[in-house]
Structure formats: C-alpha cells, structure tokens
Amino acid sequence: MSDDDPPVAFDGGRPRTRKRILYQLNDRLGHEPGVEYTRFDPGRTAPTGLVASIDSGRLLGVEYPAPAATLEVRWSPRSGWKDRFAIQWYERADTASDTAVDGRDRTLPEGYTLSCGWHQDDHLNDLGPAHFQEEYPDGSVERYGVSFGDVNPVWILSECLANLPNRLRTFRERLDE
Amino acid sequence: MMTPDPPAVWSDDMDSEERVRAVTETLTEPRDASWAAEQAKVDYKTARKYLEKFVADGRLRTVENDRTTRYYPNPRRQFFAELENLAATHTKAELTDELIAMSERIEAWQETYEVADAGELRTTLDESLSVEKRRERERVVDDWEYTERVRTLVRHAIRLYDDLERFAATNSPAAVGAGGDG
C-alpha cells in the first residue's frame with residue numbers, strides 16, 4: 001500500500017468513524033445528570049444510534065410535567081459534507097402528567113406526547129442544514145433554522161443539551177396557545 | 001438560540017492528550033492544529049505536541065496546504081484498531097451472533113425496498129418521493145453501507161480467532177517443549 005494516498009481516501013464516515021462518534025456521544029450522555037441509562041441501537045457492534053432514558057427533572061434542572069423521556073441520537077458522518085444527525089426528545093405517554101407542577105393548569109391533548117429535536121441533513125435547505133423541529137398534536141411540524149458552527153459531534157450534542165430547557169419551555173408555551 | 005458560551009463538552013476525567021485524541025479520531029476531513037486546539041479546549045502548543053505525537057506513532061497522517069499542516073486519521077490504523085477492538089470486546093460466539101444479526105438486517109432491507117444492495121436503493125432517491133420518504137431511504141442507505149462494512153470487519157475478526165486458536169495450539173509451551181515462552 002502506497003504512502004501517498006490522497007486524504008479523501010481516509011475513513012471519512014466509514015465504520016470506525018461512525019462507531020467512534022456514537023461511543024463518544026454515549027460517554028458524553030453518561031456524564032450528564034438525569035441520563036439514567038443508554039443503549040446502542042441496534043447494538044454495540046454496529047450501532048447506528050443511541051437511545052437514552054431520561055429523568056427530565058434532573059436533566060433539565062427544573063420541575064417538569066413529564067418526569068420521564070427518551071433522547072434518541074442518530075449520527076451518520078460524511079466526508080466533505082455536513083454530518084447527518086438527529087437528536088430527538090420524546091416524552092413518555094404513560095408518565096405524562098396533566099398538570100404542570102408550577103400550578104399552571106394545562107393538559108396536553110389526549111393521545112399526544114411531546115416530541116421535538118434537532119436535525120441536520122440535506123433537506124429543508126432554506127433553513128440551512130440544521131433545524132430544530134417541534135411536532136404538534138395536529139400532526140403539523142414547525143421548524144426553526146439552527147447553526148452549530150464548525151464543531152465536533154460531542155460539542156454539538158453538548159450545545160443541544162444546554163439548550164434543551166429553553167427549547168422545551170418555548171415549545172410548551174406554544175402548545176399552550 | 002445557541003448559548004453564548006461554549007457548552008461543557010469534555011468530562012473532567014479526560015486529560016489534554018485524551019481530548020486531542022478524541023477530537024481527531026472522529027474526523028471526516030483533515031484539520032489543522034488551531035481547530036483541534038479549540039475543539040479539545042487546549043492551547044495551540046499543547047494540541048501541536050499531541051498531534052505530532054499521534055503522527056509519530058502512526059495514529060494520524062498529515063497533508064500540507066498553503067504552509068498549513070492538517071491532520072487526519074491513518075486509515076490503515078483505523079482498520080486494524082477496529083479489528084482489534086472487535087476481537088477484544090467480543091467472544092467468537094458473540095461475533096458469530098452479530099454476523100447473523102447483521103445479515104438479517106440487510107436481508108430485511110432487501111425485502112422491504114425490493115433492491116439487491118444499497119447502491120440500488122440509492123438510485124431510487126429522486127423527487128418523486130416525499131421529503132420524509134427520501135430522508136428515510138437516505139438513512140437506510142447510510143445504515144446499510146455501514147452495516148456491510150462492519151460485517152466485513154466482523155468476518156475478519158472471526159477468522160482472527162480461528163487463526164489465533166491454531167497459532168496458540170501449535171505454539172503453546174506444551175507443543176514447543178520445555179522453556180516455551182507462551
């Protein structure tokens with residue numbers, strides 16, 4: 001094998017890079033208060049994503065109407081392009097409470113569980129490559145352009161975790177309207 | 001809506017070298033020491049020191065442009081490191097189970113999309129599909145290609161086990177005779 005392979009021939013998104021990213025994201029989640037456990041999806045050998053079980057109050061640092069949630073992370077790195085990823089928050093139906101603990105009386109519609117998250121891919125490019133999306137009870141989706149800058153995957157996940165309390169508060173306010 | 005200060009990224013139990021290593025092992029394009037320093041939250045000199053160390057030990061390679069050195073993972077090292085990792089973290093039986101599971105995953109995609117391989121599925125990505133359907137198929141194409149590549153590595157790792165067993169059997173102290181070095 002020659003020593004002067006052009007840079008484009010390196011891994012750049014192939015198995016080891018994708019797997020290493022997910023393992024790093026898994027470690028990052030493991031250091032976040034409120035992440036109860038994580039698992040690789042479909043498994044630790046050829047993972048394409050991560051699923052984290054969340055104690056909402058501990059993660060968000062505030063009392064929160066839905067005490068349990070799931071964070072799903074999917075990451076598909078690409079060489080020379082923006083990585084494709086999704087960091088999605090799903091609240092769990094069986095534990096969602098009807099009344100916010102701050103005394104404000106609110107109910108989420110029957111059968112609806114709150115779902116939102118950050119996505120980056122090649123679509124919806126008017127908003128830019130990345131957006132935050134909110135999924136509403138009527139099936140509609142609102143998307144807001146987001147820019148992460150030239151940073152590594154663990155940085156992106158960390159920014160999202162830092163912004164999650166604000167995003168959820170704003171989304172719930174909109175749901176309330 | 002992004003926070004003005006950089007978020008907490010690396011855990012306290014990671015030292016500078018580990019952070020620089022972490023930043024470089026997930027690269028998809030060559031990067032310079034300034035970028036690595038910022039990402040690893042170390043100063044430039046520290047980043048350079050570790051980057052050069054990683055070049056010296058074969059972990060990274062370099063490319064020069066406009067008098068800037070940029071670093072990227074050595075693809076051969078990545079290949080062998082992943083092979084070694086698979087063998088170190090799985091028994092042979094576990095690897096065999098994984099091989100079957102991956103093959104089943106691939107067969108399911110073949111059936112669902114009625115295509116022979118990921119390349120064929122990629123050709124179906126066009127404007128006739130909704131954004132959602134295109135996104136879903138793109139994900140499957142990514143996952144399929146990735147799963148096939150991991151499967152190749154798993155096959156290699158299984159063969160490694162066989163070879164290591166054979167090697168150990170013919171090179172054990174008992175086989176070699178007195179004073180075998182094991």
Side-chain angles (χ1 to χ4, degrees), chain A residues 1 3 5-21 24 27-28 30-32 42-46 48-49 74 76-81 83-84 86 119 121-124 132 144 146-163 166-167 170, chain B residues 1-3 5-14 22-23 25-31 35-36 38-40 61-63 70 72-76 78-79 81-82 85-86 89-90 94-95 97-99 101-102 105 131-132 134-135 138-139 142-143 145-154:
Chain A
M1 292 189 253
D3 249 3
D5 301 335
V8 74
F10 84 98
D11 185 294
R14 300 305 183 240
R16 179 156 175 88
T17 304
R18 185 168 186 182
K19 195 167 166 176
R20 284 311 307 157
I21 289 172
Q24 284 187 8
D27 285 348
R28 176 63 185 83
H31 282 93
E32 188 75 16
R44 67 191 174 102
T45 308
T48 54
R74 185 197 152 81
S76 185
R78 291 198 298 164
S79 185
W81 298 89
D83 291 356
R84 291 191 183 118
H119 293 252
D121 57 36
D122 298 335
H123 302 285
L124 302 157
F132 182 80
Y144 310 92
V146 163
S147 178
F148 288 102
D150 189 22
V151 294
N152 71 77
V154 182
W155 190 302
I156 290 175
L157 177 63
S158 302
E159 272 209 49
C160 294
L161 289 169
N163 279 281
N166 269 348
R167 288 286 186 180
T170 311
Chain B
M1 272 282 273
M2 287 296 123
T3 50
D5 307 311
V9 177
W10 307 111
S11 56
D12 296 334
D13 55 8
M14 286 178 80
V23 158
E25 69 185 359
T26 57
L27 288 176
T28 53
E29 58 182 293
R31 292 291 199 166
W35 184 87
E38 202 196 312
Q39 295 299 294
R61 298 168 80 178
T62 60
V63 59
R70 287 184 297 147
Y72 63 98
N74 179 347
R76 285 203 290 285
Q78 283 188 309
F79 181 90
E82 185 52 30
N85 176 62
L86 285 167
T89 59
H90 296 69
E94 284 168 342
L95 286 173
D97 287 344
E98 284 294 337
L99 189 64
M102 284 185 278
R105 213 173 299 152
V131 170
E132 272 316 305
R134 241 183 301 161
R135 187 183 273 141
E138 270 168 9
R139 289 182 174 199
D142 281 353
D143 293 353
E145 290 178 339
Y146 163 79
T147 302
E148 269 183 355
R149 289 189 176 100
V150 180
R151 187 172 62 169
T152 301
L153 284 163
V154 168

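Lettering of chains follows the sequences in order, A, B, ..., and the numbering in each one begins at 1. None of the values given here were measured: they were computed from a predicted structure.
Ionic pairing of B:Glu132 and B:Arg135 is present here: one or more N-O contacts between side-chain nitrogen and carboxylate oxygen are shorter than 4.0 angstrom. Using a cut-off of 4.0 Å between Lys/Arg side-chain N and Asp/Glu carboxylate O, A:Arg44 and B:Glu94 are scored as salt-bridged. Taking the charged nitrogens against the carboxylate oxygens, A:Arg28 and A:Glu32 do have a contact shorter than 4.0 Å, which makes a salt bridge. Salt-bridge annotation for A:Arg18 and B:Asp143: present, with a side-chain N of the basic residue lying under 4.0 Å from a carboxylate O of the acidic one.
Chosen from A:Ala86, A:Pro42, A:Pro153, A:Gly149, the residue pairing most often with chain B at heavy-atom distances under 4.5 Å is A:Pro42. Counting heavy-atom pairs closer than 4.5 Å to chain A, the top residue among B:Val150, B:Leu153, B:Thr152 is B:Val150. Of the listed residues (B:Met102, B:Glu148, B:Arg134), the one with the most heavy-atom contacts under 4.5 Å to chain A is B:Arg134.
Of the atoms belonging to B:Glu98, it is side-chain heavy atoms, and not backbone ones, that fall under 4.5 Å from chain A. Residue B:Arg139 touches chain A through both its backbone and its side chain, counting heavy-atom pairs closer than 4.5 Å. With a threshold of 4.5 angstrom between heavy atoms, A:Arg20 approaches chain B through its backbone and through its side chain. No part of B:Arg70 comes within reach of chain A, as not one of its non-hydrogen atoms sits under 4.5 angstrom from that chain. Using a 4.5 Å cut-off between heavy atoms, A:Asp150 touches chain B through backbone and side chain atoms alike. Contact annotation for B:Leu95: neither backbone nor side-chain heavy atoms come within less than 4.5 Å of a heavy atom of chain A. Using a 4.5 Å cut-off between heavy atoms, B:Ala101 does not touch chain A at all.
For CG of B:Asp12, the number of neighbouring non-hydrogen atoms (other residues, nucleotides, ligands) closer than 6.0 Å is 12 at most.
Residues satisfying the side-chain hydrogen bond (donor to acceptor under 3.5 Å, both in side chains) test with B:Thr89, not counting sequence neighbours, are none. A search for side-chain hydrogen bond (donor to acceptor under 3.5 Å, both in side chains) contacts involving A:Ser76 returns B:Asp142, not counting sequence neighbours.
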